[in-house]
Structure formats: structure tokens, C-alpha cells
Amino acid sequence: MNLTVLASAVYLPGDDPGAPPPERAHEVLGRKGLLGKDAATRLAICVAHRTLERPDGAPRPAGPADPRTAVVVSSNLGNVAAVRGVVRTVRESGGRGVSPLLAPVLSSNVIAAALAIWFRWSGPNLMICSGATGGLDAVASAALLLRSGRAERVVVVGCEPADPDAAAVYGRPLRACAACLILARSGPAGSPHVGAVRPVLDGGAAADSYGADGVLRVAEAAAAVRAGSSTGRFVVCGDAADGWRGVRVSAS
């Protein structure tokens, strides 16, 4: 079953002057609510904000939560800096030096949870941390939620930070990035479509966007289809250690 891409966006600090880095996320989101949020969470909220075409500085949505919108996020290193920071504190000062207030940000699910709370999406909430294939694993998970009727639309986000802790764990250069897709079973005529995610034998060199890569590539392909500059492309993410996944993004 093909899925419809209702909307998509990429958010690339350093590449796009209109995408402020995480420490300046308030320029996109306003200042309220950002205290204590790590870099990857800020990137995720910024890209979702842009995907929804909300004006910069617009307040957080209000009103009843939407139980038919699910959230699936792919990020392998999103809260690594927080975890390593706690480890360093315990080594230097013992367990008493760690504030209980840090507990929420030590869960890998913090990004998906923060997105759901910020935008009031109360459907299923999933965090994918499956390595280099994570972005397309997130798209595949979204397809399952839609096919099963658990949600009417799924917000899929891929994001990775580029802080020293994340780069040290990854062992190679990283770039701060985020991408977002809003997927549904059907949508307006002319919308890009995404096919079934499947394994592929090889995809070339590993990307510096790591767990965000699959979502990023699908979002870029969907934008090209929507702009009329492409009739579609087959996108791949992964690496030699984690394997490869691929999916067709097309105009129909």
C-alpha cells in the first residue's frame, strides 16, 4: 500500500540560513517551553513547526489533543550528551550529584514525547533507535500504524545532534539535521507517495545524518516530486554494519 505525503520539510542548520541552530530555536518556536530541551528535541520541534507551516514565533497549539495523530521519531544519538553528562557527574561526585529533574531527558523516548506534548498529538508514540536504517524503519512503522487503523495520520521525524558527545559515540563526523513527513493513507491529488520499505543489498557510503538519513532523503524526494522537478526516485539509507533499507517515492 502506498502512503501519501501530506507535507514534508527539512531543517539543516549550517546549510540553510533560515534554519537557526538548536541554541537559537527560540527564533522559530518562541522562548516559552524550551528550557531543559536538548539539541535534538529542539531540532525535531523546529522541523515539525515548519512542516505545519506555522509562522516563526507562533505559540504552541492549544485546545483538545488529537488522538488520531501518531508520532514516530528516529534518532540514535538524541540524548547521548545528557546520558554522558550524568555518567561524568556520577564518576566525579557520586550519585548524589545527579538531579532527579534530569530523569525525563535520560529516556531515549524524550524526543517523541516532547513532540507529542508540544503539538498535542495523543495517538501512538514511538521512538526508533535502530542505527543507520532508523529513518526508513520509522517510515515502515508509520505504515503499520496507518494500515492497522491505529492512526489517521503519522508525523515521522528524523533528527540527530552534532555535539561532541554524539560525535564521539558515532565515531565519525555528524551534522545537526532534522526532517519531517506527515503521512496518511490518502490525500489530495498530486501529493507524493511512498511505497513499501524493503531491504536492499547495498547503498554506498554511510551518511553523516545517521538515524535521520532515511526521513531526510524521503522528504527531499517528496519535495522534488511536489515541485515537479522529479517523477520519483528510489531512496536508500543504512550502512555496512546495520544493513540497508530502500523505498520508492513517486508522483503516483
Side-chain angles (χ1 to χ4, degrees), residues 7-16 18-29 33-34 36-52 54 70-83 104-119 121 125-142 154-167 169-170 172-183 206-220 222-223 235 237-238 242:
S8 63
V10 299
Y11 192 90
L12 303 173
D15 292 350
D16 179 1
E23 61 271 19
R24 289 167 40 209
H26 61 273
E27 296 175 17
V28 178
L29 303 172
L34 292 177
K37 289 188 169 48
D38 58 45
T41 299
R42 291 178 179 221
L43 290 169
I45 297 173
C46 282
V47 77
H49 185 98
R50 290 280 171 82
T51 306
L52 295 170
R54 296 177 61 82
V71 176
V72 183
V73 176
S74 173
S75 181
N76 299 307
L77 302 167
N79 69 333
V80 161
V83 173
V105 300
L106 300 181
S107 167
S108 61
N109 195 52
V110 64
I111 304 170
L115 275 169
I117 292 168
W118 190 280
F119 294 103
W121 295 321
N125 190 273
L126 304 176
M127 189 76 202
I128 308 295
C129 305
S130 56
T133 63
L136 290 188
D137 292 337
V139 172
S141 296
V154 182
V155 180
V156 181
V157 171
C159 59
E160 294 289 10
D163 56 77
D165 287 303
V169 171
Y170 189 40
R172 60 178 74 125
L174 275 167
R175 66 167 167 167
C177 61
C180 179
L181 307 165
I182 300 180
L183 302 178
D208 58 4
S209 43
Y210 200 22
D213 189 51
V215 184
L216 179 61
R217 291 175 186 261
V218 172
E220 290 174 337
V235 302
C237 74
D242 297 327

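We're numbering straight along the sequence, starting at 1.
For the salt bridge (Lys or Arg N to Asp or Glu O under 4.0 Å) condition, the pairs that include at least one residue of residues 128-140, sequence neighbours left out, are Asp137-Arg245.
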Next item on the list: I would like to know whether Ile45 and Lys37 meet side-chain contact (heavy atoms from CB on, under 4.5 Å); could you show each step before the answer?
Entry: CA-CA 10 Å; Ile45 297 173; Lys37 289 188 169 48; 4.0 Å; yes
Item checked: From CA spacing to verdict: side-chain contact (heavy atoms from CB on, under 4.5 Å), Val157, Ile111 -> CA-CA 9 Å; Val157 171; Ile111 304 170; 5.6 Å; no
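Nearest heavy-atom pair, Ala113 versus Asn125, reported as atom, atom and distance to 0.1 Å: N-OD1, 3.7 Å. Shown here for Thr51 and Ala9, the closest heavy-atom pair between the two residues is OG1-CB, 3.2 Å. Residue Val110 comes nearest to Thr41 through the heavy atom pair CG1-OG1, 4.3 Å, listed as atom of the first residue, atom of the second, then distance. Between Leu136 and Gly214, the shortest heavy-atom distance links the atoms CD2-O, 3.9 Å. In terms of heavy atoms, Leu181 sits closest to Ser8 at CD2-CB, 3.8 Å. Across all non-hydrogen atoms, the minimal contact from Ala176 to Leu43 is CB-CD1, 4.1 Å.
Under the 3.5 Å distance criterion, the side-chain polar atoms of Glu160 are matched with a main-chain donor or acceptor of Gly211. In this structure a side-chain-to-backbone donor-acceptor pair under 3.5 Å is present from Ser75 to Cys159. A donor-acceptor pair under 3.5 Å is formed between the side chain of Tyr11 and the backbone N or O of Pro20.
Contact check for Phe119 versus Val71: no side-chain heavy atoms found under the 4.5 Å cut-off. Looking at heavy atoms from C-beta onward, Leu12 lies in side-chain contact with Leu216 at the 4.5 angstrom threshold. Put simply, the side chain of Leu34 reaches to within 4.5 Å of the side chain of Leu29, judged on heavy atoms. The closest side-chain heavy-atom distance from Ser141 to Val154 is not below 4.5 Å. Two residues are said to be in side-chain contact when any heavy atoms from C-beta on lie closer than 4.5 Å; Leu52 and Val155 fail this criterion.
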Under 3.5 Å, sequence neighbours excluded: what are the donor-acceptor pairs made by side chains of residues 76-83?
| unit_1 | atom_1 | unit_2 | atom_2 | d |
| --- | --- | --- | --- | --- |
| Asn76 | OD1 | Ser130 | N | 3.4 |
| Asn76 | OD1 | Gly131 | N | 2.9 |
| Asn76 | ND2 | Gly131 | O | 2.9 |
| Asn79 | ND2 | Val105 | O | 3.2 |
| Asn79 | ND2 | Leu106 | O | 3.2 |
| Asn79 | ND2 | Ser107 | O | 3.3 |

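With sequence neighbours excluded, no residue forms a salt bridge (Lys or Arg N to Asp or Glu O under 4.0 Å) with Asp163. By the salt bridge (Lys or Arg N to Asp or Glu O under 4.0 Å) test, Arg175 is found to be paired with Asp15, Asp208, residues two or more places apart in sequence or in another chain being considered. With sequence neighbours left out, the side-chain hydrogen bond (donor to acceptor under 3.5 Å, both in side chains) criterion links Arg217 to Asp213. Listed by chain and residue number, Arg24 satisfy the side-chain hydrogen bond (donor to acceptor under 3.5 Å, both in side chains) test with Glu27 (two or more places apart in sequence, or in another chain).
Once rounded to the nearest 0.5 Å, the distance linking OH of Tyr210 with CG of Leu174 reads 9.0 Å. Once rounded to the nearest 0.5 Å, the distance linking NE2 of His49 with CH2 of Trp118 reads 9.0 Å.
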